[in-house]
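Below: the structure, in structure tokens.
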Amino acid sequence: MKTDRILNILYYLNRYKKVSAKRLAEEFEVSQRTIYRDLDILENMGIPIERKMGFEGGISIIENFKLENINFSKSELTRIISILNNYYYKDSKTKLLIEKFKNIISDKEMEEQRKLDYFKIEEGYLMHKREKENISSIKKAIESKNIIEVKYINSDNVISERQLEPYIISIKGNSVYLFANCLLRKELRIFRVSRILEIKITNEKFTEDPDISEKIYSQKGFFSDYIHNEIILKYKKNFFEIAKFFLDNYEVLDIKKSREKYNIASIENYVIIKLNWRIDKWFLEFILSLGDNVEVLEPVELRNEIIQRIKDMYNMYNGKDE
């Protein structure tokens with residue numbers, strides 16, 4: 001609609017210091033003549049628009065004119081923009097919606113708010129003492145921009161010592177992660193905070209790399225190496241009521257269809273779920289720690305590995321360990 005286009009042009013001009021009529025025409029998929037008519041309407045509405053000719057010319061709104069934010073906090077605006085930016089496909093309406101929200105919060109304010117949001121660890125989140133201490137040290141290092149030295153154990157139980165430039169900490173699923181520039185690998189890496197065995201804040205300062213910050217804050221591809229296996233689990237219903245609060249991005253499957261597919265004798269006391277997660281030693285040990293409260297139905301490879309681990313444990317306790 002014409003009215004929507006005119007308002008969106010206003011939001012667009014308010015976001016960018018100076019644009020050409022050609023760019024506006026391409027953005028809104030109309031002719032330049034239509035853009036000029038829309039600008040006339042905006043001027044008649046009292047919007048202070050400037051039009052300059054020449055090489056450095058363009059269309060702009062005079063400085064100090066800013067649309068006001070009435071209904072959203074900085075945190076809410078930042079999260080809305082992040083969600084919209086995370087869409088893999090953005091049509092013209094979605095792009096314009098992003099521009100609307102960007103009009104009422106500056107890039108600097110948005111970046112500062114992102115950092116504050118990533119610092120937040122939800123109350124009630126279960127973690128052991130070392131993890132809490134690690135988070136406290138990491139927060140201090142991020143705020144002061146100090147390099148940290150850590151002793152880290154990976155999923156293969158290999159211990160290494162790293163120097164890191166810490167950027168943010170964030171919760172994903174039931175774990176807390178540190179996003180940092182690893183000086184050993186010379187690239188952005190993701191570290192599980194619970195796997196940090198020792199941490200020391202050095203006196204050496206670092207300057208944030210805009211490319212690394214952009215990669216983090218774009219929120220695209222986080223955990224792409226961590227979450228890619230489809231897993232089907234059968235939970236005891238009473239246990240699942242507690243466990244579901246620590247699961248992320250799961251889907252409850254139709255119990256009757258699951259009964260037929262997986263040949264389940266009794267379904268009254270069970271819940272079947274599907275989730276995506278990286279299958280590694282940590283996940284295997286996590287499943288084993290749940291005992292008979294959960295059963296892996298798929299993938300078959302994971303199920304067989306758990307069966308073998310249970311057999312090995314049985315043999316060990318019966319004196320048959322080789």
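For the single chain, residues carry numbers from 1 onward in sequence order.
Between the side chains of Gln308 and Asp312, at least one donor-acceptor pair of N or O atoms lies under 3.5 Å.
Using a 4.5 Å heavy-atom threshold, the side chains of Ile231 and Lys274 count as separate. A heavy-atom distance below 4.5 Å is not found between the side chains of Asp209 and Asn181. Looking at heavy atoms from C-beta onward, Ile169 lies in side-chain contact with Lys139 at the 4.5 angstrom threshold. Using a 4.5 Å heavy-atom cutoff, the side chains of Ile272 and Val252 are not in contact. Looking at heavy atoms from C-beta onward, Tyr262 lies in side-chain contact with Ile232 at the 4.5 angstrom threshold. By the 4.5 Å heavy-atom criterion applied to side chains, Leu284 and Glu305 are counted as neighbours. Counting heavy atoms from C-beta on, the side chains of Glu149 and Arg162 never come closer than 4.5 Å. At a threshold of 4.5 Å between non-hydrogen side-chain atoms, the residues Leu183 and Glu165 count as touching.
A salt bridge links Glu295 with Arg303: the distance from a Lys NZ or Arg NE/NH1/NH2 to an Asp or Glu carboxylate oxygen falls below 4.0 Å. Salt bridge Glu204/Lys145: absent, no basic N to carboxylate O contact under 4.0 Å.
Although no hydrogens or angles enter the test, the distance criterion places a donor-acceptor pair under 3.5 Å between the side chain of Thr202 and the main chain of Ile147. In terms of modelled atom types and a separation under 3.5 Å, the side chain of Tyr152 and the main chain of Arg192 share a donor-acceptor contact. Remark: side-chain polar atoms of Asn269 are not paired, donor with acceptor, to backbone N or O of Lys237 under 3.5 angstrom. With hydrogens and angles ignored, the 3.5 Å screen pairs a side-chain donor or acceptor of Ser258 with a backbone N or O of Asp254. Formation of a donor-acceptor pair under 3.5 Å by the Tyr177 side chain with backbone atoms of Ile168 is not found in this model. Ser136 contributes no side-chain N or O that, together with a main-chain N or O of Lys132, makes up a donor-acceptor pair within less than 3.5 Å. Under the 3.5 Å distance criterion, the side-chain polar atoms of Asn318 are left unmatched by any main-chain donor or acceptor of Asn315.
Remark: Lys205 NZ is packed, more than 12 non-hydrogen atoms of other residues, nucleotides or ligands lying under 6.0 Å away. For Glu260, the CD atom is loosely surrounded, since the number of other residues' heavy atoms within 6.0 Å does not exceed 12.
Residue Leu178 is tested with Ile135, Ile190, Asn134, Val193 for a side-chain contact (heavy atoms from CB on, under 4.5 Å); the sole match is Val193.
Ring orientation note: the planes of Phe240 and Tyr235 are tilted relative to one another, at an angle of 30° to 60°.
In this structure, CZ on Phe239 lies 9.5 Å from CG on Asp292, to the nearest 0.5 angstrom. Atom CG of Leu24 and atom CG of Asp38 lie 9.5 Å apart (nearest 0.5 Å). Rounded to the nearest 0.5 angstrom, Leu253 CG and Lys261 NZ are separated by 8.0 Å. How far CZ of Phe191 is from CG of Leu164: 4.5 Å, rounded to the nearest 0.5 Å. Rounded to the nearest 0.5 Å, atoms CD (Glu198) and OG (Ser137) are 12.0 Å apart. To the nearest 0.5 angstrom, Lys151 atom NZ is 5.5 Å from Glu161 atom CD.
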Between Lys18 and Glu50, is the salt bridge (charged side-chain N to carboxylate O under 4.0 Å, His left out) condition met? List the steps. CA-CA 9 Å; Lys18 190 182 297 181; Glu50 287 185 334; over 6 Å; no
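Closest approach of Ala21 to Tyr36, counting heavy atoms only: CB-OH, 3.4 Å.
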